[in-house]
Amino acid sequence: MINPSSNLTSSDYDELAGNFVSWRFFLFFLRNAQVLELVVALFVFVAIHSLRQKKRQGLPIWPVLGMLPSLVLGLRGNMYEWISHVLCQQNGTFRFKGPWFSSLNCVVTADPRNLEHLLKTKFPNFPKGHYFRETVCDLLGDGIFNADDETWQRQRKTASIEFHSSKFRLLTTESLLQLVHYRLLPVLENVVNNSISIDLQDILLRLTFDNVCMIAFGVDPGCLSMGLPQIPFARAFEDATEATVMRFVTPTCIWKAMRYLDLGAEKKLKRSIKGVDEFAEKVIRTRKKELSEQISNDKKQRSDLLTVFMGLKDENGQPFSDKFLRDICVNFILAGRDTSSVALSWFFWLLDQHSLVEDKILAEICKIVKERQEFDPKSPLVFRPEEIKKMDYLQAALSEALRKCSFCLFLPLRNQFSDVVVEDDIFPDGTVLKKGTKVIYAIYTMGRMEAIWGKDCREFKPERWLKDGRFMSESAYKFTAFNGGPRLCLGKDFAYYQMKFAAASIIYRYHVKVVKDHHVVPKLALTMYMKHGLKVNLIRRDRSPLHT
């Protein structure tokens, strides 16, 4: 019998085996081609469907991830302009849908009608809520910006009485005068004499930090001293605020896991809050000792916020705990340190681009000063409170800077960053709010909406705030830099006085010129810092022509 394979060589076997493998691979590909086509078709369908929703929803909505991919891209660029573009495209309000099972779902609005509804008309229906309090509790505790109901009302009532007392007003004006004339101006003069550039944002942060610490704690940290020393408490405080804001753009489960594992921003937050607590505890211990000595020696009592709250009792008739005192002071420092200094930084940046506005401010200052009965242009000039009050054009220019470069994206602390709806509600623009919905309002966007400010909304135009040469304030729900309704900023008058006094003192003496090619971009933080600071050169003015 003949074997049919007996004539096949080894190379023939290899060829047959290769053909067999190729054939099997081809059959496998044919069987799975339809599956691959289905996968590709499904992906294309999901992508097209998600992108189509952009027109109606404002952003693409992806399965599982929601709008998170768009948020991540926004964070990598200019977050402020990104959210403004989305809101303007959506007529001022849109729903942000986060990943499944996350806490990032919310309604974002920049509509003045909605803000009045939220901050005034239906104020009790929009408390801070558990999400906001939990997110910032490590830093703010039970302070006024993180409190609701009776706790908030008690703190606000006490602070309001103190803020409007003559003794407190005297403290604020005297402390600011000392800091400007014995700290700020000598530092600036040293800069001019040595022909060096400085980070004006850093200088102004030091000024307001020293000022608010004197008001809140009754202590002077000495940040704005010659040589500009690093103060551990100031560094810890800034690190804590930066780490806290990251929680608002991170799913709750993730930042909680990072806190548990002591990783990343949560590790930084834990260490920085420890530094804040150590400083606060030391000040509180020292103040209690001082108060006991004052009582025994019948000395005059201080008028700072810490001392005021130390003399009060809680609802049970007991003195406030050290933890509660710490929370109160930290909240007020956060409110007073960043807002005025950052606003002034953007103000001087804008002034560098609008020389005509600077000339008008300078003319107003000189006109007011020349009205003094006794005026010597050669003697050091100290502005009087009544003179600061008359500077209407300066206040208009500062208000315009606040409007155009609002120092907070969402004003997360002074205002209600995240309000949880207690009962079903409807905004005036027709947006339906279900119980438990988180609401965010974006004031940076409000300053850029033609529907609110007109077609010249992106121009720096102080004249829009003037009527017959006098400053005229806008509605608190159109210009929300100082909030509105029951949570109207208690320190509004002081903030304006502080900014006007510091700005006038600088402008009268120096021309502030931003360093050429210095890159100015906003930083994502609780307040809108300049990411790289504000590098400037100072040019001393020849004041003799100013008084001719």
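Residues passing the ring-ring contact (aromatic ring centres under 6.0 Å, His included) test with F279, sequence neighbours excluded: F217, F233. Legend: residues meeting salt bridge (Lys or Arg N to Asp or Glu O under 4.0 Å) with R271, ordered by chain and number and at least two apart, are absent. Partners of V212 according to the side-chain contact (heavy atoms from CB on, under 4.5 Å) rule, which considers only residues two or more places apart in sequence or in another chain, are I333, R337. Residues passing the ring-ring contact (aromatic ring centres under 6.0 Å, His included) test with W82: none are found, sequence neighbours excluded. Residues passing the ring-ring contact (aromatic ring centres under 6.0 Å, His included) test with F324, sequence neighbours excluded: F320. Evaluation of the side chain to side chain donor-acceptor pair (under 3.5 Å) rule for R458 yields E81 as partners, not counting sequence neighbours. With sequence neighbours excluded, no residue satisfies side chain to side chain donor-acceptor pair (under 3.5 Å) with K535. Under the side chain to side chain donor-acceptor pair (under 3.5 Å) criterion, Y497 pairs with no residue, sequence neighbours left out. Scanning for salt bridge (Lys or Arg N to Asp or Glu O under 4.0 Å) contacts around E278 gives an empty result, with sequence neighbours left out. With sequence neighbours left out, the side chain to side chain donor-acceptor pair (under 3.5 Å) criterion links D202 to R206.
Proximity of a side-chain donor or acceptor of Y477 to a complementary backbone N or O of G485 within less than 3.5 Å is detected.
W453 does not carry R448 over the face of its six-membered ring by the limits of under 6.0 Å from the centre and within 45° of the normal.
A salt bridge (charged side-chain N to carboxylate O under 4.0 Å, His left out) check over residues 84-94, counting only residues at least two apart or in different chains, returns nothing. Applying the salt bridge (charged side-chain N to carboxylate O under 4.0 Å, His left out) test to pairs two or more places apart or on separate chains, those with a residue in residues 424-434 are K122-D425.
Less than 6.0 angstrom separates the ring centroid of F482 from the ring centroid of Y496. Checked against a 6.0 Å centroid threshold, the rings of F479 and W465 count as neighbours.
With respect to the salt-bridge test (charged N to carboxylate O, under 4.0 angstrom), the residues R464 and E400 qualify.
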